[in-house]
Amino acid sequence: MTARSFSTPWNSFFFAQQSPVPVALFRIIYGVVVIATAALLHADWLAWYGPHSWISAATMHLVEPGTRLNLFSVIPQTDFWVRALFWLLIASAACLTIGLCTRLNTVLVFLCLTSIDQRNLFILHGGDTFLRVAGFFLIFAPAGAALSVDRLMRIWRGKEGRAIRPRLPWAQRMTQLELALLYLVSFWWKMKGGAWLEGTALYYVFHLDEFQRFPIPSFFLRPAVLRVGSWLTLAAEFSLGALIWIKKLRYPLLAIGVLFHLTLEYSINVPMFQWDVLSAYVLFIEPADLARVWNWIRTHSAKYFAERLTVIYDGASPRQTRSANLLQAIDIFGRLSLVDQRESPAHRGGEKLQVATSAGVLRGPHAARALARVIPLLWPIVPFLAFRRS
Amino acid sequence: MPKAPKKGNVPHPRRLFGLKKWQYLALNIFIVFHILAITAWAIPFHSQFIVDCRNVVRPYLLWTGLFQSWDMFSPLPKATNTYLEAVVIYQDGSTQMWDFPRMELLSLADKYSKERYRKFVEVLLDDRNAALRPDVARYVARLPGIRAKNPQKILLMVKWSNILPRGDGTYLRTPLDEYVFYRYDVQPEDLQ
């Protein structure tokens, strides 16, 4: 084996540039699950992390010594500051979700998450661990390069065009590797205990009171079914860790993984764990396939929208070009056609953007209202536009 | 006629994948280090080499929060239902039981928000975490309905019932057994 035979696939895996859309989608889902995690904890923020919590900071440090990245060790130990840290996490996660100041907010979300985990390590489940580790690698990913307010601002400032520029995927790959490791190590641990191989493990899991969520039909609690279920769990975890890297098997395995986690979500009470893990599945989808799926959704959702509009802009005007680029970036359902009036003499003659509809050519507030109606991301501003004078 | 490049003077691209060479090198070191460190930490393999590796990366993984374990329900799932209660003994000799939230008794919404108690109870019952128990007893003593009545002692008691499988798919719960595993004498300053 030569160095080149190793370095070529290595470089291709970590450094061949690709669309940042999968990691941007992951950023959105990740932000939502972080907000959900903080919200679910809300009633017990002070009970778990406050100055008079179940476990004091001093005891935590005694039991789990070592220097740790932990904002709780620098903020004043008062109820106000503990709450403030959680609100900072929620605000940062919200900004991360919409892709506003993305890099800064990946850092803030990671800092808050790791601090919260470090402050009380005794109430964590695997989902918290995965969010923390994925959050670390998200800091280095081009998470704001697509589907983000940051990108819209770059377009408006003329720093970026309509096309989404490919980026280095190494940080995305690290999160993928982390997910695969999660499954492989889980499989490995289970193989060390006889109950999973014998097929009796699920029997105990489903009869532990503390884990029961919704009632499981009695058919599934038969020993033979539970035995098969135990073995299928082993097979699923091994496959999702090891075979997921084989391209032909990837999508069937992702489908099995989704089914596996939804089954656990129904039957076992470990809130957010399944969603935390599933959030990273999007990283395994090829950008071209994501585009295909989105095009399918666009096509099939067309009937629910008003007519397609043609936006006429002057390509010689930097301001109009930026506006047109911005409109195309937010036109996620493909309801607009952009026409440069220099290339279409029939549409010549406007100093502002014009919108051609079946009823005629619209300008100014009328054009803005027409655009807002067909672009879902603009729907929140429709009521405000209604009051603008023509 | 253009000059041929001298032997050994082959032009190198200035950048690799859009990165300067030092950036490319640094990224590779970063990637390799994290893959090896996280893997060595997480895998359930305890050879001396792996243990040594863990000791080397421990400070970094603890500091960053990249430490992890993926051993839920393994190697063996629990075969016992356990419930934790606190027995509060007041100055006047009266007693009160205080139950930690039990998931199976909660509403669906509370199951989502109070699940942390399930994990916490599991941790408390593990003798390796005995150092946490004084804090827990103090917290119970400080609970509003308890502090006002001047608690003197807090006992942490576990109740448990084993799960015994039957051949027909049903299961048998053994009768509840109980055991006081921690006693704490409440000090006046605990109630401040």
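Treat the numbers as computed from the prediction; the structure is a model and nothing was measured. Order of the sequence lines sets the chain letters (A, B, ...), proteins ahead of strands, with each chain counted from 1.
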Taking only Lys NZ, Arg NE, NH1 and NH2, and the carboxylate oxygens of Asp or Glu, determine whether B/K119 and A/D128 approach each other closer than 4.0 Å.
-> no
Apply ring pair (Phe, Tyr, Trp, His ring centres under 6.0 Å) to the pair A/F140 and B/F30, showing each step before the final yes or no.
-> CA-CA 11 Å; A/F140 306 99; B/F30 181 91; 5.1 Å; yes
Distance under 6.0 Å and angle within 45° of the ring axis: does B/R116 meet both against A/F122?
-> no
Do the charged groups of B/D71 and A/K190 touch, with an N to O distance under 4.0 Å?
-> no
With a 4.5 angstrom heavy-atom cut-off, could you sort out which part of A/L168 is near chain B: side chain, backbone, both or neither?
-> side chain
Does a donor on one side chain and an acceptor on the other come within less than 3.5 Å for B/Y117 and A/W54?
-> yes
For A/N269 and B/Y112, does a side-chain donor sit closer than 3.5 Å to a side-chain acceptor?
-> no
Under 4.5 Å between any side-chain heavy atoms of A/T129 and B/W70, yes or no?
-> yes
Side chain to side chain contact (heavy atoms under 4.5 Å, CB included) between A/F15 and B/L16, worked out = CA-CA 9 Å; A/F15 298 111; B/L16 290 162; over 6 Å; no
So do the side chains of B/V32 and A/W10 get within less than 4.5 Å of each other, counting heavy atoms only?
-> yes
Is the closest side-chain heavy-atom distance between A/V63 and B/L132 below 4.5 Å?
-> yes
Proximity breakdown for A/L182 and chain B, heavy-atom pairs closer than 4.5 Å | both
Count the heavy-atom pairs under 4.5 Å between each of A/W196, A/W48, A/F136, A/W170 and chain B, then report the option with the highest count.
-> A/W48
Below 4.5 Å from any heavy atom of chain B, which atoms of A/P166 appear? Answer side chain, backbone, both or neither.
-> neither
Answer with side chain, backbone, both or neither: which region of A/I268 has an atom nearer than 4.5 Å to a non-hydrogen atom of chain B?
-> side chain
Side-chain contact test, heavy atoms from C-beta onward, threshold under 4.5 Å: evaluate it for A/M174 versus B/H34 and give yes or no.
-> yes
Where on A/Q118 is there a heavy atom nearer than 4.5 Å to chain B: the side chain, the backbone, both, or neither?
-> side chain
